[in-house]
Number of protein chains: 2
Amino acid sequence: MAAKKIKQNLDTNTEAKIKNAARTVFHKKGFAATRTRDIAEEAGINLALLNYYFRSKEKLFNIIMQETLSGFVKSIVVIFNDETTTLEKKIERIPSAYIDLLILEPQLPLFIMSELRRNPDHLLKMTNVKNVIVNSAFARQYQQSVKAGKIAPVNFLHFIMNLLGLTIFPFIASPMIHAVGDLKEAQFNKLMTERKKMIPQWTKAMLKAK
Amino acid sequence: MAAKKIKQNLDTNTEAKIKNAARTVFHKKGFAATRTRDIAEEAGINLALLNYYFRSKEKLFNIIMQETLSGFVKSIVVIFNDETTTLEKKIERIPSAYIDLLILEPQLPLFIMSELRRNPDHLLKMTNVKNVIVNSAFARQYQQSVKAGKIAPVNFLHFIMNLLGLTIFPFIASPMIHAVGDLKEAQFNKLMTERKKMIPQWTKAMLKAK
DNA sequence: GTCTATAACGTGATAGAC
DNA sequence: GTCTATCACGTTATAGAC
């Protein structure tokens with residue numbers, strides 16, 4: 001009963017065009033505010049084709065959400081579980097990798113958080129964040145450093161919230177930051193690029209705080 | 001042409017009931033996903049009354065948005081402009097006050113950021129965040145400390161992003177944090193309460209980082 | 001002021017020609 | 001596979017009785 005789809009080469013084919021358009025519009029406006037007509041227009045195709053290829057708005061959304069979430073998590077997993085790098089090196093790589101990603105796709109965090117509020121189960125079903133993070137090499141190295149007395153004995157959850165908060169929050173609050181700092185996009189991105197070097201320094205300083 | 005409204009005493013009156021219901025539902029689901037029927041049901045009133053009192057969903061929303069934004073900003077302005085407290089004291093009070101607020105209204109940041117993305121002008125028109133923050137006593141004290149060489153010479157915008165990121169981000173990412181930490185609401189709130197003391201310590205440590 | 005009934009409209013989805 | 005035309009439905013908003 002499930003429709004077979006022959007993968008073609010270029011993303012010039014209609015199915016890929018629709019998916020790309022859907023990703024763009026969903027990421028920008030969220031599920032509820034997006035009209036299928038917006039997606040069709042963005043894709044430069046006819047509205048009927050959307051349903052021909054994906055059956056419904058909801059099914060299309062689920063595909064996009066799935067891909068977005070797993071992409072977002074995977075981009076971190078590689079670094080978290082690199083057994084060849086130290087804790088300190090990971091503290092440098094995580095903000096740097098995420099900021100590179102978010103400069104390219106600044107709407108990603110707000111999209112994910114908004115849609116997760118609508119349906120928190122998505123996260124658990126689609127990715128296994130808990131295991132991915134809690135059982136990572138990163139977490140293990142952190143706990144070991146705490147035990148060895150090398151860093152302050154702070155709950156790993158706090159540490160993760162701090163590292164990700166410093167990295168991701170500016171992109172979520174970007175309209176506010178643009179307003180406060182009277183910034184254009186280029187200036188904002190420059191600030192974010194600065195943070196790639198600064199967040200690791202700040203984080204290390206925090207780890208020494210009592 | 002503008003409708004006059006006689007303010008009654010209790011929030012038992014219909015207009016207040018609708019507004020309170022609207023605030024609850026809009027904060028939880030955002031503008032696009034909210035149906036006027038949801039609001040009417042939450043308020044325990046007839047759907048037609050909503051339009052009788054507020055003309056349209058959009059007008060009602062704008063009132064809620066206006067109140068929410070100015071409340072959110074005002075809650076910070078008092079502390080930011082308290083001329084009787086030091087920079088250090090403000091660094092302690094801001095996270096503390098915000099976390100108290102956000103434990104009561106955890107959906108606030110995500111609501112504000114989501115709706116601001118839809119219409120960034122709201123922020124500029126409704127509140128004057130730029131002046132409120134940039135010309136605050138807090139900002140002035142920060143700059144003075146930098147000049148005096150007491151703290152690292154870091155852009156005030158970075159500092160604000162850090163302080164607010166550490167404070168607000170966990171509430172925005174709360175579905176993710178609940179999943180990663182396997183937390184119930186009470187445990188989450190306990191973590192947040194811990195942060196009231198820790199964020200100032202961390203922030204001060206960051207200020208010494210080179 | 002509050003209700004019921006209904007109009008007016010927007011949006012998701014499909015039928016059917018090509 | 002792709003299009004035009006249209007249906008079916010949900011939602012906002014209003015008319016009109018009480």
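The basis for the numbers below is simple: all heavy atoms, side chains too, and nothing from hydrogens, waters or symmetry mates.
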Does [X] make a side-chain N or O approach to OP1 or OP2 of [N] shorter than 4.0 Å?
X: B:N46; N: C:dT4; result: yes
X: B:S56; N: D:dT12; result: no
X: A:T14; N: D:dG1; result: no
X: A:R35; N: C:dT11; result: yes
X: A:Y52; N: D:dC3; result: no

Checklist entry - Checking B:K19 against B:F54: charged group under 6.0 Å from the ring centre and within 45 degrees of the axis? => result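 No, B:K19 does not sit over the ring of B:F54.
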Checklist entry - With A:Y98, which of A:F72, A:F171, A:F80, A:F169 fulfils ring-ring contact (aromatic ring centres under 6.0 Å, His included)? => result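 Single pass found, and it is A:F72.
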Item to check | Trace of the ring pair (Phe, Tyr, Trp, His ring centres under 6.0 Å) decision for B:F111 with B:F26 | outcome: CA-CA 8 Å; B:F111 167 76; B:F26 279 139; 7.4 Å; no
Item to check | A:I91, A:N162, A:L166 screened by side-chain contact (heavy atoms from CB on, under 4.5 Å) with A:I199, the one that passes | outcome: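 The passing option is A:L166.
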Could you tell me the separation between the [atom1] atom of [X] and the [atom2] atom of [N], rounded to a whole number of Å?
X: A:E58; N: C:dG12; atom1: CD; atom2: C1'; answer: 12 Å
X: A:L47; N: D:dC3; atom1: CG; atom2: P; answer: 11 Å
X: A:D38; N: C:dT11; atom1: CG; atom2: P; answer: 8 Å

Checklist entry - Base, sugar-phosphate, or nothing for A:R37, non-hydrogen atoms under 4.0 angstrom? => result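 Base: the residue A:R37, judged by heavy atoms under 4.0 Å, touches a nucleobase.
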Next on the checklist: Closest approach to the side chain of A:N51, judged atom by atom: which nucleotide of C:dG12, C:dT2, C:dT14 is it?
Outcome noted: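 For A:N51, the side-chain atoms sit closest to C:dT14.
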Checklist entry - Looking at the side chain of A:L49, which of D:dC3, C:dT2, C:dA13 is the nearest nucleotide? => result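 Out of D:dC3, C:dT2, C:dA13, the nucleotide with an atom closest to A:L49's side chain is D:dC3.
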